[in-house]
2 protein chains.
Amino acid sequence: MQRMTRQRSAVADVLDAVEDFRSAQQLHEILRDRGEGVGLATVYRTLQSLADGGEVDVLRTADGESVYRRCVRRGHHHHLMCRVCGATVEIDGPSVETWAAQMGAQHGFEDIDHTMELFGTCARCAAEGHRREGS
Amino acid sequence: MQRMTRQRSAVADVLDAVEDFRSAQQLHEILRDRGEGVGLATVYRTLQSLADGGEVDVLRTADGESVYRRCVRRGHHHHLMCRVCGATVEIDGPSVETWAAQMGAQHGFEDIDHTMELFGTCARCAAEGHRREGS
DNA sequence: GTAGCCGATGAGAACGATTGTCAAACGCGC
DNA sequence: GCGCGTTTGACAATCGTTCTCATCGGCTAC
Ligand SMILES: [Zn+2]
Ligand SMILES: [Zn+2]
Ligand SMILES: [Zn+2]
Ligand SMILES: [Zn+2]
């Protein structure tokens with residue numbers, strides 16, 4: 001039902017090559033630079049289908065843009081992302097999971113789901129920033 | 001520095017009257033229905049300044065729309081929202097805050113910030129759903 | 001191999017929430 | 001009441017994302 005096309009594998013390749021979270025538009029540019037032109041709409045469609053299949057993680061930045069990344073960890077997990085360069089660390093917080101379920105039950109809610117992401121400035125970007133300030 | 005205008009207090013009044021999270025556009029409609037017409041741009045501006053001042057909480061729905069609500073709790077806190085009816089409970093997770101800071105430090109990140117929201121089906125909506133299924 | 005079905009593609013238009021523009025309106029301290 | 005500087009609002013602009021639809025091209029059946 002899912003055909004293997006040049007575009008689809010090109011997008012998959014880029015996702016394999018890139019480590020950090022990138023927006024659809026950034027991925028589109030990377031593809032163009034690689035000479036493997038892929039229509040923007042197709043990039044969006046492919047990312048969406050990959051996300052639906054759980055093959056990439058999606059999260060929304062503070063300004064509402066969706067960013068995508070092929071994650072190492074398979075199951076449910078969370079992220080600590082640098083808000084400057086996009087560098088990401090995968091983390092999981094078992095305590096958070098149980099706490100969420102607890103809170104839900106406590107207030108009579110069922111089917112508890114949760115979103116949680118951490119944002120910060122990574123060591124490298126922080127150094128960069130401090131250098132600029134200090135000068 | 002902050003002038004009290006008819007529009008500003010109209011928005012504040014609506015926020016006081018409404019319990020659940022509502023989008024800027026919904027609030028704009030409510031204002032129109034009340035006969036207290038306020039420009040959409042002004043609604044956005046007012047909500048933003050209220051949010052900056054910590055007088056309303058903002059969060060983004062799954063489809064990327066910002067929703068606003070005057071919260072009882074003043075400081076930093078999180079929400080457990082019914083994904084069916086929008087009913088919201090304010091909660092705070094001291095353990096989560098410290099855990100977030102810990103994770104950040106552990107990976108060399110600075111200025112850690114975090115987003116976390118719980119979603120579920122409230123008791124009333126769950127009963128509603130079960131009734132429908134069972135029949 | 002190849003015909004042909006039907007999903008996939010892409011250029012561009014459309015969309016929708018939000019923000020910017022700027023002249024006119026109006027709080028507010030005098 | 002005056003005047004200044006903020007606020008307003010109709011409208012345009014922005015921008016990420018989705019839609020449209022004519023065309024292309026995997027894939028399968030023959
Ligand atoms: Zn991940
Ligand atoms: Zn960084
Ligand atoms: Zn709140
Ligand atoms: Zn409910």
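Computed from a predicted model, the values in this text were never measured in an experiment. Each chain gets a letter, A, B and so on, in the order its sequence line appears, and its residues count up from 1.
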Undergrad: Report the distance from atom CD of Q48(B) to atom C1' of dT6(D), rounded to the nearest whole Å.
TA: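 For the pair Q48(B) CD and dT6(D) C1', the rounded distance is 17 Å.
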Undergrad: Side chains of T5(B) and R8(B): do they bring a donor and an acceptor to under 3.5 Å?
TA: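 R8(B) and T5(B) do not have a side-chain donor-acceptor pair below 3.5 Å.
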Undergrad: Is the shortest side-chain heavy-atom distance between C82(B) and F109(A) below 4.5 Å?
TA: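 Counting from C-beta outward, C82(B) and F109(A) do come under 4.5 Å.
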Undergrad: Can you tell me how far C1' of dT14(D) sits from OH of Y44(B), to the nearest Å?
TA: 13 Å
Undergrad: Below 30° counts as parallel, above 60° as perpendicular, anything between as tilted: where do the rings of H114(B) and H76(B) land?
TA: perpendicular
Undergrad: Using only side-chain N and O atoms of R8(A), determine if any of them is under 4.0 Å from OP1 or OP2 of dG25(D).
TA: no
Undergrad: Using a cut-off of 6.0 Å, state whether more than 12 heavy atoms not belonging to R6(A) lie near its atom CZ.
TA: yes
Undergrad: Among dA11(C), dT9(C), dT17(D), which nucleotide has an atom closest to any side-chain atom of E65(A)?
TA: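 Looking only at heavy atoms from C-beta outward on E65(A), the closest nucleotide is dT17(D).
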Undergrad: Classify the side chain of R45(B) versus the base of dG20(C) as yes if they form a donor-acceptor pair under 3.5 Å and no if they do not.
TA: no
Undergrad: Could you check how far CZ of R60(B) sits from C1' of dA17(C), rounded to whole Å?
TA: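 After rounding, the gap between these two atoms is 9 Å.
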Undergrad: Ignoring backbone atoms, establish whether S66(B) has a side-chain N or O less than 4.0 Å from OP1 or OP2 of dT18(C).
TA: yes
Undergrad: Any salt bridge linking R70(B) with E55(B)? Criterion: basic side-chain nitrogen under 4.0 Å from a carboxylate oxygen.
TA: yes
Undergrad: Could you tell me whether E90(B) and R69(B) have a side-chain N and a carboxylate O separated by less than 4.0 Å?
TA: yes
Undergrad: Does the side chain of S23(A) get closer than 4.0 angstrom to OP1 or OP2 of dG16(D) through an N or O atom?
TA: no
Undergrad: Of the listed nucleotides (dT18(D), dG9(D), dC27(D)), which one gets closest to any side-chain atom of M4(A)?
TA: dC27(D)
Undergrad: Does a nitrogen or oxygen in the side chain of Q2(A) sit under 4.0 Å from OP1 or OP2 of dA8(C)?
TA: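 Yes, such a contact exists.
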Undergrad: How long is the line joining CG of D52(B) and C1' of dT19(C), in whole Å?
TA: 14 Å
Undergrad: Less than 3.5 Å apart, which donor and acceptor atoms pair up between the side chains of residues 116-129 of chain A and the rest of the protein, not counting sequence neighbours?
TA:
| unit_1 | atom_1 | unit_2 | atom_2 | d |
| --- | --- | --- | --- | --- |
| E117(A) | OE1 | H79(A) | N | 3.0 |
| E117(A) | OE1 | H79(A) | ND1 | 3.2 |
| T121(A) | OG1 | R83(A) | NH1 | 3.4 |

Undergrad: Could you check which residues of residues 24-39 of chain B get a heavy atom under 4.0 Å from DNA chain D? Sort them by number, please.
TA: V38(B), G39(B)
Undergrad: Consider the side chain of R3(A), meaning its heavy atoms from C-beta on, and name the nucleotide among dT18(C), dG16(D), dC27(D) that approaches it most closely.
TA: dC27(D)
Undergrad: Expressed in angstrom and rounded to an integer, what is the separation of L40(A) atom CG from dT17(D) atom P?
TA: 9 Å
Undergrad: Heavy atoms, side chains only, cut-off 4.5 Å: are D57(A) and H77(A) in contact?
TA: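 A side-chain contact exists here, since the closest heavy-atom pair is under 4.5 Å.
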Undergrad: Would you indicate what R6(B) reaches in the nucleic acid, counting non-hydrogen atoms under 4.0 angstrom: base, sugar-phosphate, or nothing?
TA: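 Sugar-phosphate contact only - R6(B) comes under 4.0 Å of backbone atoms but never of a base.
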Undergrad: Just how far, in rounded Å, is C1' of dT18(D) from CG of D63(B)?
TA: 13 Å
Undergrad: Can you tell me if the side-chain N/O atoms of T5(B) get under 4.0 Å from OP1 or OP2 in dC26(C)?
TA: no
Undergrad: What is the separation between atom OH on Y68(A) and atom P on dG16(D), rounded to the nearest whole Å?
TA: 12 Å
Undergrad: Check the distance between dG7(C)'s C1' and Q7(A)'s CD and give it to me in whole angstrom.
TA: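 Those two atoms, CD and C1', are 12 Å apart.
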Undergrad: Give a yes/no on whether any side-chain N or O of T42(A) is located under 4.0 angstrom from OP1 or OP2 of dA8(C).
TA: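 So the side-chain polar atoms of T42(A) never come under 4.0 Å of the phosphate oxygens OP1 or OP2 of dA8(C).
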